[in-house]
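Taking it in order: structure first as C-alpha cells, then the write-up.
Proteins get letters first, then strands, A, B, ... in listed order; numbering begins at 1 in each.
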2 protein chains.
Amino acid sequence: MAKQKRVTSYDVAREAGVSQSAVSRVFRPGFSVSEKTRTKVLDTAKKMGYKPNAIARMLITQQSGMIAVIVSSRANVNYPEVLSQLNKYIAQQNKRVLLFTLDSADDLAGLLENIWTYQVDGVIALAAHFEQSSLEQLEQHQIPVVLYNRNVPDANVNSVCCSHERGIKQLINILHEGNHKSYLVIAGPTDSDVANERRDIACQYLKQLGHDNVPVVYGDYSYESGRKAFAKWTGANGVPDAVICSNDIMAIGVIDEAKEHMSISVPDDLSVVGFDGVSPAAWFSYQVTTIRQPLDQLTKAAVDILMERINNPDSPPETRVLTGALIEGNSTKPRQ
Amino acid sequence: MAKQKRVTSYDVAREAGVSQSAVSRVFRPGFSVSEKTRTKVLDTAKKMGYKPNAIARMLITQQSGMIAVIVSSRANVNYPEVLSQLNKYIAQQNKRVLLFTLDSADDLAGLLENIWTYQVDGVIALAAHFEQSSLEQLEQHQIPVVLYNRNVPDANVNSVCCSHERGIKQLINILHEGNHKSYLVIAGPTDSDVANERRDIACQYLKQLGHDNVPVVYGDYSYESGRKAFAKWTGANGVPDAVICSNDIMAIGVIDEAKEHMSISVPDDLSVVGFDGVSPAAWFSYQVTTIRQPLDQLTKAAVDILMERINNPDSPPETRVLTGALIEGNSTKPRQ
DNA sequence: ATAAATAATGACTTCGAATGCAATAATCAA
DNA sequence: TTGATTATTGCATTCGAAGTCATTATTTAT
C-alpha cells in the first residue's frame with residue numbers, strides 16, 4: 001500500500017537496457033524502431049506498468065489533445081445534450097473535452113486567457129456572445145474556434161448552426177396558409193443571441209406577410225415562463241389564433257396552460273408552434289408542430305470543422321448551416 | 001498577423017530585469033516577494049501578455065487541477081444535467097472537468113490507465129460499473145474517486161447516492177395503502193446497476209407487503225420503451241391497478257399510452273409512479289407521483305467529498321446517502 | 001567483398017514553470 | 001556601528017517525454 005512511484009520512460013529504458021529515446025519512439029506512431037527493441041520495450045513497459053505521461057507530452061509537443069468547450073453557467077435547456085454529443089465525437093477523434101463555464105459575458109476575455117494557458121488544440125463555444133475582438137484574441141494564439149449555433153455577422157469565424165430563418169418561415173407559412181389572423185410571439189431571454197434572432201425572424205416574416213405589429217412577450221425558455229407569459233397576455237388581451245414560441249418547452253407550457261386554465265382547445269381554438277424538436281415535443285400529450293434541430297449533424301459538423309482547422313490551420317473560415325426538419329404535429333390546424 | 005510566439009517566464013524576467021524564479025513566485029500565492037518586484041513583474045507581464053503555462057505547471061507540481069468525469073457513452077437520460085451541475089461546482093473549486101467517455105464496460109481498465117496519464121486530481125464516475133479491482137487500480141495511483149449514484153457493496157469507496165430504497169418504499173406505500181392489488185414493474189436496462197437496484201427493491205418490498213410474483217417487464221428508460229412495454233404487457237395480461245416505473249420518462253410513456261390507445265384513465269383506473277423527479281414529470285399533462293432526486297445536493301456532495309480527499313488523502317472513505325423528496329402528483333389515487 | 005544507402009540507436013537538449021538551497025539585501029536590537 | 005535575524009533574490013535542478021543530430025548497425029547494390 002506504499003505510495004506507488006510514477007514509472008518514467010527512463011525507468012523502462014534502464015530496465016530494458018535501451019535509451020530513453022528508444023522508449024519514447026516505441027510509444028510514438030510512425031517512428032523507426034527495430035522489432036526487437038519494440039517488443040523488449042513494450043514487454044518491460046507492461047511489466048512495470050508504464051504509460052507515457054500525457055502532461056509531459058503536451059508540454060514538449062505543444063499539443064494538449066484537449067478541446068475546450070465553453071458552456072454558459074445558466075445552461076440553456078438543451079445544451080447538456082449538445083455537450084454529450086460533442087464529447088462523443090471529440091472522443092472519436094481521440095481528443096478530450098476540457099469544460100469551461102462562462103458565468104457572465106464580461107468574463108469572456110479572462111476566460112479565453114485561461115483557456116489559452118491550457119494549450120488546447122481548439123475551442124468550441126456553445127454559449128458565449130462572441131465579439132470580434134474575442135475572436136481575434138484566439139486567432140493571435142493560433143487556436144481555432146468553432147461557434148455552435150451562434151452567428152457573428154460578417155466575421156471570419158467557423159460556425160455551425162441550424163437555419164433559424166428557414167425553419168421559422170416554414171412554421172409561419174403553415175400558420176399563415178392555415179388562415180390564422182392574430183399572432184403572439186413568445187420569445188426567449190433577450191441576452192441570448194439565438195433567442196433574439198428567432199424573435200426577429202418571426203416578426204419580420206410575419207410583417208412581410210401582412211401581419212403588422214405582432215405582439216411579443218418574453219420568457220426564459222422554461223415551461224413555467226411559457227405558461228405565465230401566455231396566461232398573462234391572454235388575460236389582458238384575449239386569445240390569439242396562433243402562438244409562436246421560440247422553443248418547444250415554452251410551447252408545451254402554453255399548451256398546458258390552455259388546457260388547464262382555459263377552455264381553449266389546441267389545435268381547434270389555438271395553434272402553437274415551437275422550435276428545437278426536443279423529445280417531449282413529440283410526446284402524445286403535446287405533439288408540437290416544430291422544427292427539429294439536427295443535433296447529431298450539428299455537433300458532428302462542429303467537430304469536423306474544428307479538426308480540419310487543427311490539422312490545417314490555413315483553411316479559410318467556414319460556416320455550415322444545416323436545415324432542421326419540419327415536424328407537423330397536432331398543435332396546429334388550419335382555420336375554417 | 002505573424003504567428004505570435006509564446007511569452008515565457010524567462011521573457012518576462014529578462015524584460016523586468018529579474019530572475020525567472022522571481023516571476024514564478026509572483027504568480028504563486030503565498031510566496032515571499034518584495035512589493036517592488038511584484039509590481040514590476042506584474043506590469044511587464046501584463047504588458048507582454050504573459051500568463052503562466054498551465055501545462056508546465058502541472059508537470060512540475062504534479063497537480064493538474066483537472067477532475068476526470070467518466071460518463072457512459074450511451075448516456076443515461078439525466079446524466080447531461082448531472083454533468084452540468086458537477087461542472088458548476090468543480091469550476092467553483094477552481095478546477096476543470098476533463099471528460100471521459102466509457103463505451104463498453106470492459107474498456108474500464110484501459111480508460112483508467114488513460115485517465116491516470118493526465119495526472120488528474122480526482123475522478124467522479126457517473127456511469128461505470130466499478131469492480132473492486134478497478135478501484136484498487138486508482139487507489140494505487142493515489143487518485144481519489146467518488147462514485148455517483150452507484151453503490152459498490154462492502155467496498156471502501158467514496159460515493160454519493162440518492163436512497164432508492166427509501167424512495168421506492170414511499171411510493172409503494174402510497175399504492176399499497178391506496179388499496180392497489182395488482183402491480184406491474186417496468187424496470188430499466190439490466191446492464192445498469194441502478195436500474196437493477198430499483199427493480200429489486202420494488203419487487204422485494206412488494207413481496208414483503210404480500211404481493212407475490214409481481215410481473216416485471218423491461219424498458220430502456222425511454223418514453224417509447226415505457227409505452228411499448230406497457231402496451232405489450234396489458235395487451236396480453238390486462239390492465240393492472242398500478243405500474244411502478246423505474247424512471248419518470250417511462251412513467252410518462254405509460255400515461256400517454258393509456259391515454260391514447262386505451263380508454264384507461266390515469267389515475268382513476270390506473271396508478272403510475274416514476275422516479276427521478278425530472279421536470280416533465282411535473283408538467284400539467286402528467287403530474288407524475290415520483291421521488292425527486294436532489295440533484296443539486298448530490299452533485300455538490302460529490303464534489304465536496306472529492307475535494308476533501310484531494311486535500312486530505314488519508315480521510316477514510318465516505319458514503320453520503322441523500323433522500324429524495326416525495327412528490328405526490330396526480331398519477332396515483334386510492335382505490336375505493 | 002566492398003562501397004553506398006538505409007535503418008536503428010543513444011547522447012543531449014528542449015518544452016516552461018516551480019522550488020531547494022545558498023547568497024545577498026534589508027531590518028532590527030543593542 | 002556591529003552582529004544577529006529575517007526577508008528577498010538568483011542559480012541550478014527538476015518534472016517526463018520528444019525530437020535533433022551524429023553515430024553505429026544493418027541491408028542493398030555492384
Q. For Leu42(A), which of Val26(A), Val12(A), Thr37(A) qualifies under side chain to side chain contact (heavy atoms under 4.5 Å, CB included)?
A. Val26(A)

Q | Option from Arg96(A), Lys95(A), Gln62(A), Arg309(A) for which side chain to side chain donor-acceptor pair (under 3.5 Å) with Asp121(A) holds | A | Lys95(A)

Q) Could you state the CG-C1' distance from Leu59(A) to dC15(C), rounded to the nearest angstrom? A) 4 Å

Q: Mind checking Ser24(B) for me? I need base, sugar-phosphate or nothing, with any heavy atom below 4.0 Å counting as a touch.
A: base

**Q.** Between C1' of dG10(C) and CZ of Arg25(A), the distance in whole Å
**A.** 7 Å

Q. More 5' along DNA chain C: Gln20(A) or Ser34(A), using each one's nearest nucleotide?
A. Ser34(A)

(Q) When you measure from the side-chain N and O atoms of Thr37(B) to the phosphate of dT9(D), is any distance below 4.0 Å, counting only OP1 and OP2? (A) yes

(Q) I'd like to know if Lys300(A) pairs up with Asp304(A) as an ion pair, taking the criterion as any Lys NZ or Arg NE/NH1/NH2 lying under 4.0 Å from an Asp or Glu carboxylate oxygen. (A) yes

Q) Within the structure shown, what part of the strands sits under 4.0 Å from Lys36(B) by heavy-atom distance: base, sugar-phosphate, or nothing? A) nothing

Q) Per the side chain to side chain contact (heavy atoms under 4.5 Å, CB included) rule, which among Leu112(B), Leu147(B), Ile124(B) passes with Ile70(B)? A) Leu112(B)

Q) Of Gly17(B) and Thr61(B), whose nearest nucleotide on DNA chain D comes first from the 5' end? A) Gly17(B)

Q.
The test is salt bridge (charged side-chain N to carboxylate O under 4.0 Å, His left out); show your working for Lys40(A) and Asp43(A) and say whether it passes.
A. CA-CA 5 Å; Lys40(A) 194 164 51 177; Asp43(A) 286 355; over 6 Å; no

Q | Interatomic distance, Arg38(B) CZ vs dA7(D) C1' [rounded to whole Å] | A | 13 Å

Q: Please report, rounded to the nearest Å, how far the C1' atom of dA17(D) is from the CE atom of Met48(A).
A: 16 Å

Q: Starting from C1' on dT9(D), measure out to CZ on Phe31(B) and report it in whole angstrom.
A: 14 Å

Q. For the side chain of Ala56(B), counting heavy atoms from C-beta on, which of dT9(C), dA17(C), dA17(D) is nearest?
A. dA17(C)

Q: Mind calculating the distance between CD (Gln62(B)) and C1' (dT14(D)) to the nearest angstrom?
A: 10 Å

Q: Rounded off to whole Å, could you give me the OH-to-P distance for the Tyr10(A) and dG16(D) pair?
A: 11 Å

Q: Determine: side-chain N/O of Ser9(A) to OP1/OP2 of dA17(D), distance under 4.0 Å, yes or no.
A: yes

(Q) Just to be sure I understand the rule, does Val18(B) reach a base, reach only the sugar-phosphate, or reach nothing, if contact means heavy atoms closer than 4.0 Å? (A) sugar-phosphate

Q: Using a 4.0 Å heavy-atom cut-off across all strands, classify Arg28(B) as base, sugar-phosphate, or nothing.
A: sugar-phosphate

Q. Is the phosphate of dG16(D), meaning OP1 or OP2, less than 4.0 Å from a side-chain N or O of Tyr50(A)?
A. no

**Q.** d(CZ, Phe27(B); C1', dG16(C)) in whole Å
**A.** 13 Å

Q: Answer with yes or no whether Ser21(B) presents, from its side chain, a donor or acceptor under 3.5 Å of a partner atom in the base of dT19(C).
A: yes

Q | Distance-only donor-acceptor test (3.5 Å): side chain Thr8(B), base dC15(C) | A | no

